[in-house]
Amino acid sequence: MRERIRNFSIIAHIDHGKSTLADRLLQFTGALSDREMREQFLDKMELEREKGITIKLQPVRLNYRARDGRSYILNLIDTPGHVDFSYEVSRSLAACEGALLIVDASQGIEAQTLANVYMAMDLNLEIVGVVNKIDLPGAEPEVVKQEMEDVLGINKDEIISISAKLGIGIEDVLEAIVTRIPPPQGNENDPLQALIFDSYFDSYKGAISYIKVKSGKISKGKLIRMMSSSLEFEVSEVGVLSPYMTEVDMLKAGEVGYLAAGIKKVNDTKVGDTITEVGNPAEKPLPGYQEVKPMVFCGLYPLDNKDFEKLQDALNKLKLNDASLLYEPETSKALGFGFRCGFLGLLHMEVIRERLEREYDLNLLATAPSVVYKILLTDSREILVQNPTNWPETQKIERVMEPHVKAVVMVPDEYVGTVMELCQEKRGKYVGMEYLSPRRVMITYKLPLAEIIFDFFDALKSRTRGYASLDYELIGYEDSDLVKLDIMLNGEIVDALSCIVHKDKAYHRARVIVNRLRKIIPRQMYEVVIQAAMGSRVIARESIKAMRKDVLAKCYGGDVSRKKKLLKKQKEGKKRMKQIGQVEVPRDAFITVLSIEEEE
Amino acid sequence: MVISKYSESKIGLYIHVPFCIRKCSYCDFFSVPLSSRELLEHYTQAVLAEIELRALNYSQKQIETIYIGGGTPSLLSCRQLEAILQTVYDEFSVAREAEISIEANPAILNVDDIRGFKNAGINRLSLGVQSFFDEDLKTLRRLHDSSDVMKTIEDLRSQGLDNFNIDLIYGIPGQSIDRWKKNLEIAVDCAPRHISIYLLQLSPNTPMAREIANGLIAPLDEEDEWLMYSQGIDYLQEHGFKHYEISNFCRPGFECRHNLIYWQAREYLGIGPGAASFLDACRFMNKPEMEEYFCSMEAGAACQVEELEHMSQRELLVDAIILGLRLCEGIDLEAFRTKFNVDINNEYSDIISSCHSSGVLEFENGRLRLTRKGYFLSNEVFRRFID
């Protein structure tokens, strides 16, 4: 039985066609009828489909009759393709014995792909190289294959050429999975070790875990234990996804499926954790478990203060489904009651915010994202600051440390100068540069995380006309000369606009922020003065002239309804504003503060 | 028929005459070109039919004011006007002291018309002067020139129709502050009972708006518009005119009673295509289509109506506030408490206090009203009250 199972994952850069290939595999093996076939079946959240990205993975089981005449069970474990979710990717890979590496025939290898391939290699996965989109006019499959051989050591003659869109080469891929990827190891008679590689919340069954049974077996009625927390549950259901949930009697070593055990919170079934059986426990958990730590924080506030409880309720519900989301109530003088939320990264933050607005009908304001700073105080206490509002007074600060990352950028060689310039602007320290092929370069920089969480990736993309790809990993804290910049509207500090900047850049940033606010805050009934201050010293100032005229000169019987409608419509536009003191501020202002790209 | 708590016994009657010889460059009201004299006669008959039809439903209401507007209602012959007013008198009860106004274009109003209008019962006339300077009149594409205006005003005097209004427009492209000032002086010298000064405001589908968009003419800047407005208020007040609505001034006791009905959120009935009514908490408009109107009226059927708003008590309250604030006397808080059972100060304390500190609303003698700065920023205030 175990001999006929193949567990595999797909590694690909965004847009290189992972979801399309997955769909084709489903279709080819008959897991989905054509009628059921929707584009990108596996990306089930509406938001994922819209953004064309995969956030949440969903495993699926395929039955394939191979050319050798035997039938195989192929478990496809889809992975998210974004840097925010790299830990989830690593756990998905850990559940597999092999991986398809898909590379776009016109784009070549991208930084993100590279990081994931190295991760797969570290886990001893068999890598099956695939070049996709060979049907495109700009396709250069041979060049890309050579690059894959040079950079990754994959034999270029074994790389499969396909077009997932046109359905070319799909069977070759399936055959390679069967013949080249080894079956899972593990003995079903050993104590149970099952790896949780994803989980989500189902309102009927409680938290559902997706698991790979590494050894032993698991079935309904068994008492299980989560090895990181020692929490115990009774299994109420096990099953497989083919691709819909189908209950089975038992999952044995090597198999992939789902498990329900009346678990109330997703947080109690953590990705990376090992499940064992209470009656016959394994000695050790599987390696590689980590608590997921949020890297980016921001304040989320309802635009209408009355919605605070609605927001709290919505966050509670989302948390059931997303263990990596952290939040705690906070109060801003300017914005009222809200939550400080922690995210894996910016995309994660954006997705959560959009889901809150879309699925829970909230109108939210997000403050500029911030990282967690370590501050050593003069009384030698060390504190963590994730909200600029809590920045201590200058005289109490001994030393400030900020998180740094090692960033890898891959780019055609004509953009090397551009990328270095950008990294330099962002306080980067050059680490190294390497030619991947005669025309493609890998540049490595050390950068403060704070500099790249906001629009670094956008800037990189636009300055390299979309050619650059980026990956980064956290490498620890380092000393930094940082100060807090306060923004004042009509003399009042708006706490939610405060930000932390490098001392050398403070004057420039202050001018940019003040200038940008002048442009995006609409004129009001009185003059609005915008100032930026470092401590008590004002270092930049702008003002917005008072609006003079907003009147309907004529309003008689026939006009009333029409004009009222007009006013109403204009008012709708103002709903995206937050009233701060006397000043109406567009909600985008709070994010804009961090943006570095100049509009001019 | 159900009469709501908010329906009243006294109403205003508006009669629309949607014909123009030529459309002005800034106008987007419903009007059609007057292709023949027969069309006017045809239209008069249709209006008579609608008056009779409406009277079936609303004859219990007393008509306090009649306002014949347009378009260019002075295109009607005296006989046609007489017929219309006679039918109103026949079908409705009309208050003895009713104000009966007509709008007139100086280019096509002669002394015989004025005499005839007066005989028909007209006791107030609103003259679309807009400017006493030909440069402005040309920009506005008005039919008349400055000499027509002076002639018409002489005729009004000679016929003893002293209760007339002069409409002026400020903020016309090319208009200097100085020329605006002269307009005010000449208007006051003409000794009208009422002066309206309107800021030129263009909706995008007017010819002048397109000329501006195409860079052919330049609009005035806001600061100049404000100066002209402010200067208008000062000058007219110095010369004995009372400022009673954002754009309206009069000699004491000569407010336009018909327009007051609108601003006091009281009821009115509109006759003619494109005319709006506000009755029994409902605001509706006759469909602005001439052919449709003719057909319905010939068939003796009600014309098609677009219901603009069927209003809840809350919406009535909001309307009363934003219309009432257009009046310089503002709104009487006690009267609102009685009528709507709402304490505005309490209900809207946030809005009122923020508008007060911004210097656009003020209190006086139990009334809440706009300040001078507030008149020109009134939309900012109104928007806050709208739900």
Side-chain angles (χ1 to χ4, degrees), chain A residues 302-308 334-337 363 489-492 494 521-529 543-586, chain B residues 12 14 16 29-30 67 69 169-171 196-201 221-223 225-226 229 245-247 258-259 261-263 265 268 270 274-278 283-285 308-309 315 318-319 322-323 326 350 354-355 357-360 373-384 386-387:
Chain A
L303 272 189
D304 184 341
N305 290 332
K306 289 197 287 286
D307 284 342
F308 174 76
L335 304 179
F337 294 110
N363 237 328
L489 293 180
N490 283 352
E492 296 257 349
V494 180
I521 295 176
R523 289 200 296 160
Q524 323 260 321
M525 295 195 283
Y526 27 77
E527 187 184 42
V528 176
V529 176
S543 69
I544 302 171
K545 266 175 63 182
M547 171 182 19
R548 265 287 181 227
K549 173 191 76 169
D550 188 357
V551 61
L552 295 168
K554 280 189 177 185
C555 184
Y556 298 103
D559 303 331
V560 180
S561 293
R562 211 165 41 135
K563 303 222 155 136
K564 224 168 57 182
K565 212 186 230 170
L566 188 72
L567 291 175
K568 226 177 222 173
K569 211 170 124 194
Q570 293 165 341
K571 182 166 183 162
E572 282 302 310
K574 297 211 177 225
K575 282 212 173 128
R576 310 228 125 192
M577 305 272 202
K578 184 83 188 175
Q579 182 94 24
I580 295 181
Q582 280 286 316
V583 186
E584 281 179 340
V585 182
Chain B
Y14 177 79
H16 194 51
F29 283 111
F30 171 63
Y67 194 99
I169 294 180
Y170 62 95
S196 303
I197 60 169
Y198 295 117
L199 173 66
L200 180 70
Q201 291 189 298
D221 76 40
E222 246 180 59
E223 202 59 37
E225 291 176 332
W226 162 251
Y229 180 59
E245 192 262 357
I246 292 176
S247 306
H258 184 81
N259 289 339
I261 288 178
Y262 298 138
W263 300 318
Y268 50 91
S277 303
F278 175 53
R283 194 176 280 118
F284 57 90
M285 185 173 90
L308 301 175
E309 286 179 283
E315 289 168 311
V318 170
D319 266 37
I322 65 176
L323 290 167
R326 293 190 69 89
D350 286 357
S354 98
C355 288
S357 64
S358 309
V360 289
K373 175 183 167 190
Y375 296 139
F376 228 47
L377 291 169
S378 48
N379 284 347
E380 282 291 317
V381 179
F382 299 160
R383 237 177 253 127
R384 294 172 196 219
I386 289 177
D387 290 310

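Residue numbers begin at 1 in each chain, while the letters A, B, ... track the order of the sequences. Note that the structure is predicted; figures quoted are calculated from it, not measured.
Between the NZ atom in A:Lys554 and the CG atom in B:Asn259 there is a gap of 10.5 Å [rounded to 0.5 Å]. Considering OG of B:Ser354 and CD of A:Gln579, their distance stands at 6.0 Å, rounded to 0.5 Å. Atom OH in A:Tyr556 sits 10.5 Å away from atom NE2 in B:His258 (nearest 0.5 Å). Separation of atoms CG (B:Leu323) and NZ (A:Lys563) is listed at 11.5 Å; rounding is to 0.5 Å. Atoms CE and OG, on B:Met285 and A:Ser561 in that order, are 9.0 Å from each other to the nearest 0.5 Å.
Salt bridge annotation for B:Glu309-A:Lys564: present, with a cationic side-chain nitrogen under 4.0 angstrom from a carboxylate oxygen. Ion pair B:Asp387/A:Lys571 not flagged as a salt bridge, since none of the NZ, NE, NH1 or NH2 atoms sits closer than 4.0 Å to an Asp/Glu carboxylate oxygen. Using a 4.0 Å cut-off between a side-chain N of Lys or Arg and a carboxylate O of Asp or Glu, B:Glu225 and A:Arg548 do not qualify as a salt bridge.
Contact annotation for B:Gln201: only side-chain heavy atoms (C-beta onward) come within less than 4.5 Å of a heavy atom of chain A. For B:Ile322, the part sitting under 4.5 Å from any heavy atom of chain A is the side chain, from C-beta outward, and nothing else. When heavy atoms are compared at a cutoff of 4.5 Å, B:Phe376 approaches chain A by way of both its backbone and its side chain. In this structure, the portion of A:Gln582 lying under 4.5 Å from any heavy atom of chain B is its side chain and not its backbone.
By the 6.0 Å contact criterion, CD on A:Glu492 is open, its count of non-hydrogen atoms from other residues, nucleotides or ligands being 12 or less. Counting non-hydrogen atoms of other residues, nucleotides and ligands closer than 6.0 Å to OH of A:Tyr526 gives a total above 12.
For chain A, the option among B:Trp263, B:Tyr375, B:Tyr14, B:Phe278 with the highest count of heavy-atom pairs below 4.5 Å is B:Trp263. Between chain A and the options B:Lys373, B:Arg326, B:His16, heavy-atom pairs under 4.5 Å are most frequent for B:Arg326. Of the residues considered (B:Ala276, B:Ser277, B:Gly274), B:Ala276 shows the highest number of contacts with chain A, using heavy-atom pairs under 4.5 Å.
Side-chain contact between A:Lys549 and B:Leu377 is absent, with no heavy atoms from C-beta onward closer than 4.5 Å. Side-chain contact between A:Lys568 and B:Arg383: absent, with no pair of heavy atoms (C-beta onward) separated by less than 4.5 Å.
Listed by chain and residue number, A:Arg523 satisfy the salt bridge (charged side-chain N to carboxylate O under 4.0 Å, His left out) test with B:Glu222 (two or more places apart in sequence, or in another chain). Applying the side-chain contact (heavy atoms from CB on, under 4.5 Å) rule to B:Ser378 yields the partners A:Val551, B:Ile246, B:Leu370, B:Phe382; only residues at least two apart in sequence or on another chain are considered.
B:Ser247 and A:Ala553 get closest at one heavy-atom pair: OG-O, 2.7 Å.
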